[in-house]
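Down below is the structure, laid out as structure tokens.
All values below come from the heavy atoms of this structure, side chains included, with hydrogens, waters and symmetry mates left out. Keep in mind it's a predicted model, so treat the numbers as computed, not measured.
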Amino acid sequence: MRIEIEYLKSLLDIVLEHEKPDFRIDHEDIKPLWINDDEKLNKLVFHMEIMEDQGLIENSINSQGIGFRRMGDGGYTVSIIPLRLTAQGHQFASDLSKPGVIDKLKTSFKDAGPSEAVKVVFALGKKALEKKLEDALE
């Protein structure tokens with residue numbers, strides 16, 4: 001399965017719009033991404049675990065994992081636990097929203113792995129910020 005950067009952005013937008021510091025996957029806007037659909041659940045778990053691997057999300061109750069456990073038949077058990085975006089996760093979401101970042105990822109960096117994609121998003125976000133600052137100072 002490949003990382004879908006627009007899917008990640010949509011998920012992060014939901015999390016950022018949430019009025020509390022923690023979120024759960026039973027949030028009314030996240031629930032349709034997985035409930036009663038194994039294919040959708042696989043996609044959500046994949047993207048959530050990639051974000052966890054990259055230090056972008058973590059559970060907020062000081063326990064292990066983010067609420068998914070693999071079963072022997074390839075399915076998952078899902079525990080609804082509070083999760084949070086880390087500081088790096090917030091920066092990633094912010095940089096991902098900057099103009100041109102998603103387009104660059106989808107074209108020039110479409111084959112980037114998870115670590116590379118995160119680095120590219122941060123670098124492109126930094127470049128966009130530098131440009132904005134330069135324009136503001138002129």
Side-chain angles (χ1 to χ4, degrees):
M1 183 176 282
R2 293 191 182 270
I3 297 170
E4 293 181 30
I5 202 69
E6 289 176 340
Y7 180 88
L8 272 181
K9 182 172 181 333
S10 297
L11 183 57
L12 290 169
D13 285 346
I14 293 168
V15 172
L16 290 173
E17 293 301 318
H18 190 54
E19 69 279 354
K20 296 180 181 173
D22 298 340
F23 70 97
R24 296 172 10 150
I25 63 168
D26 64 348
H27 179 283
E28 66 185 44
D29 294 331
I30 298 174
K31 208 177 207 180
L33 298 177
W34 67 274
I35 200 78
N36 298 325
D37 187 323
D38 289 343
E39 191 173 316
K40 286 181 177 182
L41 177 60
N42 287 335
K43 186 175 182 175
L44 178 68
V45 170
F46 172 76
H47 285 87
M48 295 283 285
E49 286 180 338
I50 291 289
M51 288 194 295
E52 180 189 29
D53 292 344
Q54 295 305 308
L56 305 177
I57 62 169
E58 63 186 16
N59 77 60
S60 6
I61 55 173
N62 296 323
S63 67
Q64 294 264 332
I66 55 173
F68 306 111
R69 190 172 45 181
R70 285 180 168 70
M71 306 298 288
D73 64 358
Y76 300 95
T77 59
V78 177
S79 297
I80 308 296
I81 62 172
L83 303 170
R84 64 178 284 275
L85 280 182
T86 62
Q88 187 168 335
H90 277 276
Q91 188 63 52
F92 181 80
S94 174
D95 289 343
L96 200 54
S97 295
K98 290 187 171 66
V101 172
I102 287 182
D103 292 336
K104 275 281 193 218
L105 270 175
K106 288 171 48 179
T107 56
S108 301
F109 300 98
K110 66 181 178 196
D111 294 325
S115 296
E116 295 165 327
V118 170
K119 287 177 187 173
V120 168
V121 168
F122 287 149
L124 292 171
K126 182 178 178 184
K127 196 72 165 169
L129 176 62
E130 288 170 358
K131 172 83 170 106
K132 194 171 187 176
L133 284 171
E134 187 179 300
D135 292 347
L137 295 174
E138 289 180 355

Can you find a heavy atom in the side chain of V15 that is under 4.5 Å from one in the side chain of H27? no

Step-by-step side-chain contact (heavy atoms from CB on, under 4.5 Å) determination, Q88 to V118
CA-CA 10 Å; Q88 187 168 335; V118 170; 4.1 Å; yes

Can L83 be reached from I80 by stepping across I, L, V, M, F, W or Y side chains whose heavy atoms are under 4.5 Å apart?
yes

Rounded to the nearest 0.5 angstrom, the CG-CD1 distance for L96 and I5 is 5.0 Å

Quiz item: Are L33 and Y7 side-chain neighbours, meaning at least one heavy-atom pair lies under 4.5 Å?
Solution: yes

Is the shortest heavy-atom distance from the side chain of K98 to the side chain of L124 under 4.5 Å? no

query: Looking at side-chain heavy atoms only, is the closest gap between L16 and H90 below 4.5 Å?
result: yes

Side chain to side chain donor-acceptor pair (under 3.5 Å) with E4: of K9, H47, K43, only one passes, and it is K43

Item to check | Heavy-atom side-chain contact between D95 and K126 under 4.5 Å | outcome: no

Item to check | Flag side-chain contact, heavy atom, 4.5 Å: L85 against L12 | outcome: yes

To the nearest 0.5 Å, atom CD1 of I57 lies from atom CZ of R84 at 11.0 Å

Given W34 and V78, is the side-chain contact (heavy atoms from CB on, under 4.5 Å) satisfied, shown in steps? CA-CA 10 Å; W34 67 274; V78 177; 4.1 Å; yes

CE of M51 to CG of D53, rounded to nearest 0.5 Å, is 10.5 Å

**Asked** Around E39, counting heavy atoms of other residues, nucleotides and ligands shown, do more than 12 lie under 6.0 Å from its CD?
**Response** no

Could you go through Q91 and F122, starting from their C-alpha distance and side-chain angles, then the distance that decides it, and tell me whether this counts as side-chain contact (heavy atoms from CB on, under 4.5 Å)?
CA-CA 8 Å; Q91 188 63 52; F122 287 149; 3.9 Å; yes

Can you confirm whether I66 sits close enough to I25 that some side-chain heavy atom of one is under 4.5 Å from a side-chain heavy atom of the other? no

- Show your working on side-chain contact (heavy atoms from CB on, under 4.5 Å) between L44 and L11 and close with a plain yes or no. CA-CA 9 Å; L44 178 68; L11 183 57; 4.0 Å; yes

Distance col, row F92:CZ vs L8:CG, nearest 0.5 angstrom, shows 5.5 Å

| query | Is the shortest side-chain N to carboxylate O distance from K132 to D135 below 4.0 Å? | reply | no

Taking every heavy atom of G67 against every heavy atom of I81, the minimum-distance pair comes out as N-CD1, 3.6 Å

Got S97 and D13 here, is their nearest side-chain heavy-atom distance under 4.5 Å?
yes

Distance col, row M1:CE vs F46:CZ, nearest 0.5 angstrom, shows 6.5 Å

